[in-house]
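Beneath this line is the structure, given in structure tokens, with notes to follow.
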Amino acid sequence: MDVTSQAGQIDAAGAATAQPQPIPGLRRLVSRKVRERALGYTLLAPALIIISVFELFPIAFGFYISLCDWRLGCQAIIGADNYLRGLQDAAMWNSLLVTATYSIITVPVQLGLGFLIAVFLFQRTRGHELFRMMMFLPYITSTVASAAVWSYIYSPDSGLLNTALRAIGFSGLRWLGEPAGVFALIAQQFGMTLPGWAHGPSLALVSVSLYTTWVFIGYDITIFLAGLVNINGELYEAAKVDGARGWNLLRHITVPLMSPTIFFLLIVTVIGTFKAFNHIFVMTGGGPSDSTQTASILIFQQLYAFNRYGYAAALSFILFTVILALTLTQNYVAGRRVVYE
């Protein structure tokens with residue numbers, strides 16, 4: 001064997017001995033991480049399966065239906081025709097306007113009253129526990145049943161409200177059957193006539209909004225009370241030492257420290273008003289003259305009254321887009337004013 005071949009053998013042997021050897025500790029660490037991840041995905045599997053079957057699949061299938069000419073099945077893929085039809089439909093825009101009006105009436109009243117009542121109940125006045133229970137009862141009552149009862153209260157013939165109005169010398173109102181605006185009705189009492197743009201929301205929509213406030217204010221009060229409990233009492237004591245009282249305590253301590261709770265309820269309540277359906281449908285069915293026809297009721301009518309499955313699915317995704325845009329806007333505008341300290 002010559003010198004060159006011996007050197008090659010030596011180099012080959014050296015290279016073989018220079019290869020990195022697996023580190024036992026590293027192998028055990030990687031194996032443990034793999035086992036931990038496998039265990040994590042195994043524990044998450046039931047929830048992932050349920051979410052996939054009951055949420056993701058219906059959403060994907062609904063989007064597929066919205067792209068179809070659907071009559072007991074997809075007759076043809078028509079692309080975005082249902083969406084274009086929805087954007088050109090005056091009924092769809094009217095329903096969004098009614099929904100937005102309903103939200104504008106309901107959200108400030110509901111959150112404002114809920115906050116003030118929560119602050120009052122937080123003072124631990126006599127009987128505050130009874131008041132808390134009474135405020136929460138409408139929320140746990142069947143919405144359909146309570147809506148039916150309120151429909152009877154609003155009845156123009158034998159309803160409680162009109163009976164009270166007639167007892168004090170006023171004429172009864174058609175409450176849920178009145179499409180005229182509330183400002184126009186008030187002006188008529190003084191012999192005035194307002195232009196169309198100043199008529200305001202219909203009396204029927206305002207009546208439904210009153211019922212909505214009655215139902216959901218208990219939920220808001222409960223959340224507000226939970227937020228008030230988390231405020232450090234020493235802040236109030238220090239402020240009182242500096243001479244702060246009543247309104248100043250509310251403005252400079254309570255409201256800023258409650259801003260995360262207010263922000264949460266604002267997001268949830270706006271989304272809830274844009275999805276409102278069951279109680280409005282029970283009380284008015286979308287009438288009179290479409291004055292309470294919210295977007296959800298329009299979608300329901302297109303689906304069950306006219307069997308327009310693809311069009312109703314497309315309207316649902318348009319409504320989802322509107323709600324998503326509103327949520328992102330609120331998060332951008334109001335989220336900056338939230339105090340997380």
Side-chain angles (χ1 to χ4, degrees), residues 86 89-115 138-139 141 143-144 146-151 153-154 161 173-186 196-220 262 264-303 312 315-327 329-330 333-334:
D89 190 349
M92 193 279 291
W93 290 108
N94 178 71
S95 69
L96 287 179
L97 178 61
V98 170
T99 306
T101 306
Y102 171 71
S103 181
I104 291 171
I105 296 173
T106 304
V107 173
V109 176
Q110 187 176 318
L111 294 186
L113 280 179
F115 181 75
Y139 183 71
T141 304
T143 305
V144 174
S146 59
V149 172
W150 273 71
S151 298
I153 293 174
Y154 281 133
L161 287 177
L173 299 173
R174 292 194 297 165
W175 300 106
L176 297 175
E178 181 58 71
V182 288
F183 300 144
L185 292 174
I186 294 173
W197 57 267
H199 284 188
S202 68
L203 180 60
L205 188 63
V206 173
S207 301
V208 172
S209 301
L210 290 176
Y211 165 81
T212 304
T213 302
W214 175 78
V215 170
F216 293 99
I217 197 172
Y219 172 79
D220 297 331
I262 297 172
F264 165 75
L265 285 176
L266 177 65
I267 296 287
V268 172
T269 307
V270 170
I271 293 175
T273 53
F274 269 78
K275 296 192 307 179
F277 170 75
N278 49 358
H279 60 282
I280 301 177
F281 189 78
V282 170
M283 298 178 79
T284 66
S289 304
D290 297 337
S291 62
T292 61
Q293 188 186 56
T294 60
S296 296
I297 289 180
L298 175 65
I299 293 169
F300 178 83
Q301 291 172 339
Q302 293 296 324
L303 182 64
L315 291 179
S316 300
F317 279 95
I318 291 175
L319 177 61
F320 167 76
T321 305
V322 172
I323 293 175
L324 179 62
L326 279 174
T327 304
T329 303
Q330 289 179 86
V333 175

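Only heavy atoms go into these numbers, but all of them, side chains included; no hydrogens, no water, no symmetry mates. Residue indices begin at 1 and follow the sequence shown.
- Ser146 places a side-chain N or O within 3.5 Å of a backbone atom of Thr143 that can act as its donor or acceptor partner.
- The CG atom of Asn94 sits 9.5 Å away from the CG atom of Asp89 when rounded to the nearest 0.5 Å.
- Note on ring orientation: taking the six-membered ring where Trp is involved, the planes of Tyr102 and His279 are tilted (angle from 30° to 60°).
- Remark: Ile262 CD1 to Leu111 CG distance equals 8.5 Å, nearest 0.5 Å.
- Thr273 places none of its side-chain heavy atoms less than 4.5 Å from the side chain of Thr99.
- Side-chain contact between Ile323 and Lys275 is present, with at least one heavy-atom pair separated by less than 4.5 Å.
- The structure places CZ of Phe216 at 9.0 Å from OG1 of Thr269, a figure rounded to the nearest 0.5 Å.
- With hydrogens and angles disregarded, no donor-acceptor distance shorter than 3.5 Å links the side chain of Ser289 to the backbone of Pro179.
- With rounding to the nearest 0.5 angstrom, the OG1 atom of Thr213 is 9.5 Å from the CD1 atom of Ile105.
- Between Glu178 and Leu173 the shortest side-chain heavy-atom distance does not fall below 4.5 Å.
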Original post:
Step by step, would you call Leu319 with Leu315 a side chain to side chain contact (heavy atoms under 4.5 Å, CB included)?
Top reply: CA-CA 6 Å; Leu319 177 61; Leu315 291 179; over 6 Å; no
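- The aromatic rings of Phe317 and Phe320 sit perpendicular to each other, their planes meeting at more than 60°, with 30° as the lower class boundary.
- The ring-ring contact (aromatic ring centres under 6.0 Å, His included) check on Tyr154 picks up Trp150, Trp175, with sequence neighbours excluded.
- A pairwise comparison of heavy atoms in Leu185 and Ala180 identifies CD2-CB, 4.0 Å as the closest pair.
- Across all their heavy atoms, Ala147 and Val282 have their closest contact at CB-CG1, 3.9 Å.
- Counting only heavy atoms from C-beta outward, the side chains of Asp290 and Val98 never approach each other to under 4.5 Å.
- Within the 4.5 Å cutoff, the side chain of Val208 has heavy atoms near those of the Thr212 side chain.
- Using a distance-only test at 3.5 Å, with no hydrogens or angles considered, no donor-acceptor pair links the side chain of Ser202 to the main chain of Gly181.
- Val206 places a side-chain heavy atom less than 4.5 Å from the side chain of Pro201.
- The aromatic rings of Phe300 and Phe281 sit perpendicular to each other, their planes meeting at more than 60°, with 30° as the lower class boundary.
- Here the rule is side chain to side chain contact (heavy atoms under 4.5 Å, CB included) with Met283, and of Thr292, Leu176, Asn278 only Leu176 fits it.
- Note that CH2 of Trp214 is 13.5 Å distant from OH of Tyr139, once rounded to the nearest 0.5 Å.
- Atoms OG and CD1, on Ser209 and Ile104 in that order, are 10.5 Å from each other to the nearest 0.5 Å.
- Judged by distance alone, with hydrogens and angles left aside, the side-chain atoms of Ser316 form a donor-acceptor pair with the main-chain N or O of Ala312 at under 3.5 Å.
- Here the options are Leu303, Ile297, Ile299, the test is side chain to side chain contact (heavy atoms under 4.5 Å, CB included), and the partner is Gln301; only Ile297 passes.
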